[in-house]
Amino acid sequence: MKKLTFKGGIHPKYCKNLSKVKPLREAPLPHVAIVPLSQHIGAPNKAVVNKADEVEEGQIIGKNDSFVSSPVHSPVSGKVLDIKEAFHPTLGMTSSVFIERSENISSKQYSFTQRNIEEVSCRELVSEIKNAGIVGMGGAAFPTHVKLSVPDGKKIKTLIINGAECEPYLTCDNVLMVQKTKEIWEGIKVLDRILHPKKIYIAIEDNKKDAYLAFQKIFEGASGEIMTRTKMVLLKTKYPQGGEKQLIKATSGKEVPPAALPIDIGFLVQNVGTAYAVYEAVYCDKPLIERVVTLSGDCLDNPGNYLLKVGLTIKEIIEKGIISLKEEPKKIIVGGPMMGTSQIGTEFSILKNTSGVLFLSERSARIYEEDVCIKCAKCVDACPVDLTPTEIAKNVKKGYWDKVEEQYVSDCMECGACAYICPARIPLVQYIKEGKLAVSKKKKI
Amino acid sequence: MNTKKLTINVSPHVLSPVDSRSMMKDVIKALIPALAAALYFFRLAALGVIVSSVAGCLVAEYALQKWRGKKIRINDLSALLTGILLAMVLPPALPVWMAFLGGVFAISLGKEIFGGVGHNIFNPALLARAFLMAAFPVALTTWVKPITLDAVTTATPLGLEKFDHIITSPVTLFFGKIGGSLGETSAVALILGGIYLLLKKVIDYRIPAAYMGTVILFSLIAREIAPDKFAPPMFHLLAGGLLIGAIFMATDPVTSPVTAKGRWIFGAGCGLITMIIRTWGGLPEGVMYSILLMNALTPIVNKMSRPKRFGVRKRKK
């Protein structure tokens, strides 16, 4: 079978075997859950509970009436200890709800209820997804119901289900695809009901053959109209294969124009984790209060994929012995090692879009001094959006913001392929971020 | 857990194991077959040239960096590589002091004066050869016979072709045993090195492909027009400094374009200039000048060949 891919990219050491083979593990419930009020891109939520309130598991604790927002639910039943600033892994200090779990209330069971979604209106399905607080679980955390509300005059022709999981170390989508294949497929059918695209692609990298085969197995003998529109796509293992624009390029050959969205050329990409959350919301009436997280890295004794409650802190994960450290980590990273964020401590929570938390030693999180560019052009060859990172970095250093803008710095998605491959260890992403900021400031003036 | 030890920086948090030094090391490794061939064919004379050229480079690098109060970068292996590359394009009978002087020139006026590694415009080894050629034209064109090291009698295959219309057989060119610079003797040794560099992804295929492709195309067309006046493509490919130029010199990252399209243009330009000099020039060989001239054009080529913006369709004509 032909493996599809995009131009550029890199082949980092994937380290997925650390956590890949392990089955999904359940973890103890948090003692005190710290739930940031806003866990999405869009209008920030306001708390709808007060200090000392009793809350129930699944109860909405923060929301905003604006369309581009997503409510946050209590992951446990208990008492609101406080609503105050707490550490958010990417935003710094943000308003969060501290909930102490009451030991005598057992956690809710969400069971599957058969229903015929063909009889439910699209609008109702979208609103169920909204009320469940579902956001893009691949990392961006953009509210899913917004993505699914296609504006008038636009039409989704192709729905791509993103199972690429191209970041090293992360295997949460992989285990989900293997162990919850049917559920994801039901979630995809809900998305299909809402969008009725002409084609559905389920795109998986070839280092996750088990996931690919799992889907193939449930498709064997399956019939129906949807099967005529659904196709499995095997992608070459290459980073950043799972980037939205790269995925569209690989599967269809089409390029999303700069500053445009996939929807502008008739595409919509949804992560497999999001499809699973949609299934749980629509069929089990379960809000997004827990997710699969890869806990990995060479400092861990027991890396694996865990089903964790949103709001559970890494500190508690370590204290409870869910994971044990065999050596002091040099870096703790939320997300994958290519685009994730390094942390200053362990007092941060698992969020809706936390795909992994990595504990890396000095050996694997290699820290180097910046050297001189030898113009080897490896960054140019690796850039998946055809930029010239070395020249952008050079112009940023000199403060030539006009040139930086002319070199389309705004097209960069900060995938980090250039900085990974740079033999002179130039922190290209850092320079590009600086360039983007300066260019956007200049535009405002 | 001691969280004070945690490091914070911008992503990515993992890096490729290949760094600048390891790339230099790979190029040096790729030169081993050619070095061995040079030592086999030219014995002690070759050793003298290699050692003195490398010594010139290292001494100049150390002295200049010490003098300017900069970090001593000898450890990055770039000066060592320049020294070896320079030796490869010098005649084996060259007096050792000239080779040493060439090394000093390569590093001082070829590299350090521009601000050190990464900043030079011209390939330092070729610039030094151009200097030696201008300063000591006789010594730079005195060739010896392989193994016996008899002086004067032997011209290079390109010289034989140009002035006497004698074509050396491709088989002889392939394995060596011909007059010429240290690195011009054995084509097979250079090709082995080239394959290694391509496999290790130290060099990109575009420059050598465009370079050799242009040379082949040019000589095919020339043969078509006047078959008895021009040498066959295989001869042009294997003789002289073409292989060492296309594989090791034109691919020098610092002095060649960074864009993919630019590398095609650069290689094709080198090929064209080489063939123009070989065909109509006063000199038998044109590889050195072709690469130096294209080095000078690299900034313009870079500017002209920016990649198309992702997601913007080509304008329909």
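Residue numbers start from 1 in every chain, and the chains themselves are labelled A, B, ... in the order their sequence lines are given, proteins ahead of strands.
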Undergrad: Hey, which residues of residues 319-327 of chain A are touching chain B, say heavy atoms under 4.5 Å apart?
TA: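 A/Leu325 fall under the 4.5 Å cut-off.
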Undergrad: For A/Lys13, enumerate each residue passing the side-chain hydrogen bond (donor to acceptor under 3.5 Å, both in side chains) test, keeping only those at least two apart in sequence or located in another chain.
TA: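 Not a single residue meets the side-chain hydrogen bond (donor to acceptor under 3.5 Å, both in side chains) criterion with A/Lys13.
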Undergrad: So for A/Ile332, is it side chain, backbone, both, or neither that comes closer than 4.5 Å to the heavy atoms of chain B?
TA: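 The answer is both parts of A/Ile332.
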Undergrad: Measure A/Glu328 against the heavy atoms of chain B and call it side chain, backbone, both or neither at under 4.5 Å.
TA: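 For A/Glu328, the side chain is the part near chain B, not the backbone.
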Undergrad: Chain A: which of B/Ser20, B/Ser256, B/Pro257 shares the most heavy-atom pairs with it under 4.5 Å?
TA: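 Result: the option with the highest number of such pairs is B/Ser20.
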Undergrad: Does any heavy atom of chain B fall under 4.5 Å from the side chain of A/Glu391, the backbone, both, or neither of them?
TA: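 Answer is side chain: those atoms of A/Glu391 sit under 4.5 Å from chain B.
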Undergrad: So what's closer than 4.5 Å to chain A heavy atoms on B/Asn9: side chain, backbone, both or neither?
TA: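 When you check distances to chain A, atoms from both the backbone and side chain of B/Asn9 fall under 4.5 Å.
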Undergrad: Under 4.5 Å, heavy atom to heavy atom: which of residues 403-411 of chain A reach chain B? Give them by number, or say none.
TA: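 Answer by number: A/Gln407, A/Tyr408, A/Ser410, A/Asp411.
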Undergrad: So what's closer than 4.5 Å to chain B heavy atoms on A/Val256: side chain, backbone, both or neither?
TA: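 The answer is the backbone of A/Val256.
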Undergrad: Out of B/Val254, B/Asp19, B/Leu15, B/Val258, return the one with the most heavy atom pairs under 4.5 angstrom to chain A.
TA: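 Going by pairs under 4.5 Å, I would pick B/Leu15.
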Undergrad: When you compare the side chain of B/Val287 with that of B/Tyr211, does any pair of heavy atoms fall below 4.5 Å?
TA: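 Yes - at least one pair of side-chain heavy atoms lies under 4.5 Å apart.
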Undergrad: How about A/Val334 and A/Gln343: do any of their side-chain heavy atoms sit closer than 4.5 Å?
TA: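 Counting from C-beta outward, A/Val334 and A/Gln343 do come under 4.5 Å.
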Undergrad: Name the one of B/Lys111, B/Lys66, B/Arg73 that satisfies side chain to side chain donor-acceptor pair (under 3.5 Å) with B/Glu61?
TA: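 Output: one option passes, namely B/Lys111.
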Undergrad: Mind checking side-chain hydrogen bond (donor to acceptor under 3.5 Å, both in side chains) for A/Asp402 and listing every partner two or more places apart, or none if nothing turns up?
TA: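 Result, side-chain hydrogen bond (donor to acceptor under 3.5 Å, both in side chains) vs A/Asp402: A/Lys442.
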Undergrad: At a 4.5 Å cut-off on heavy atoms, which part of A/Pro258 comes close to chain B: side chain, backbone, both, or neither?
TA: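 Both the backbone and the side chain of A/Pro258 come within 4.5 Å of chain B.
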Undergrad: Side chains of B/Met249 and B/Leu85: closer than 4.5 Å at any heavy-atom pair?
TA: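 Yes, their side chains come closer than 4.5 Å.
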Undergrad: Who among A/Ile344, A/Thr341, A/Thr390, A/Ile421 has the most heavy-atom pairs with chain B under 4.5 Å?
TA: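 Greatest number of close heavy-atom pairs with chain B: A/Ile344.
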Undergrad: What orientation do B/Trp264 and B/Tyr205 show, parallel under 30°, tilted 30 to 60°, or perpendicular over 60°?
TA: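 B/Trp264 and B/Tyr205: perpendicular rings.
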Undergrad: Pick one of side chain, backbone, both or neither for A/Lys378, based on which atoms fall under 4.5 Å of a heavy atom in chain B.
TA: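 The side chain, not the backbone.
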Undergrad: Given a strict heavy-atom distance threshold of 4.5 Å, which part of A/Cys376 is in contact with chain B: side chain, backbone, both, or neither?
TA: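 Contact with chain B: backbone and side chain both.
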Undergrad: So for A/Lys249, is it side chain, backbone, both, or neither that comes closer than 4.5 Å to the heavy atoms of chain B?
TA: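 Looking at A/Lys249, just its side chain touches chain B.
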Undergrad: Does A/Lys245 count as lying over the ring of B/Phe310, i.e. NZ or CZ under 6.0 Å from the six-ring centre, within 45 degrees of the axis?
TA: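 The answer is no; the distance or angle limit is not met.
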Undergrad: Could you look at B/Arg21 and say if it's the side chain, the backbone, both or neither that has a heavy atom under 4.5 Å from chain A?
TA: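 Answer is neither: B/Arg21 stays 4.5 Å or more from chain A.
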Undergrad: Please report whether the ring centroid of B/Phe131 lies less than 6.0 Å from that of B/Phe105.
TA: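 Between B/Phe105 and B/Phe131, the centre distance is under 6.0 Å.
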Undergrad: If I measure from the heavy atoms of chain B, does A/Pro329 come under 4.5 Å with its side chain, its backbone, both, or neither?
TA: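 When you check distances to chain B, atoms from both the backbone and side chain of A/Pro329 fall under 4.5 Å.
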Undergrad: Counting only non-hydrogen atoms closer than 4.5 Å, does A/Thr388 touch chain B with its backbone (N, CA, C, O), its side chain (CB onward), both, or neither?
TA: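 For A/Thr388, side-chain heavy atoms alone lie under 4.5 Å from chain B.
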Undergrad: Consider side chain to side chain contact (heavy atoms under 4.5 Å, CB included). Of A/Asn302, A/Val357, A/Leu18, which one does A/Leu295 pass it with?
TA: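 Single side chain to side chain contact (heavy atoms under 4.5 Å, CB included) partner of A/Leu295 among A/Asn302, A/Val357, A/Leu18: A/Val357.
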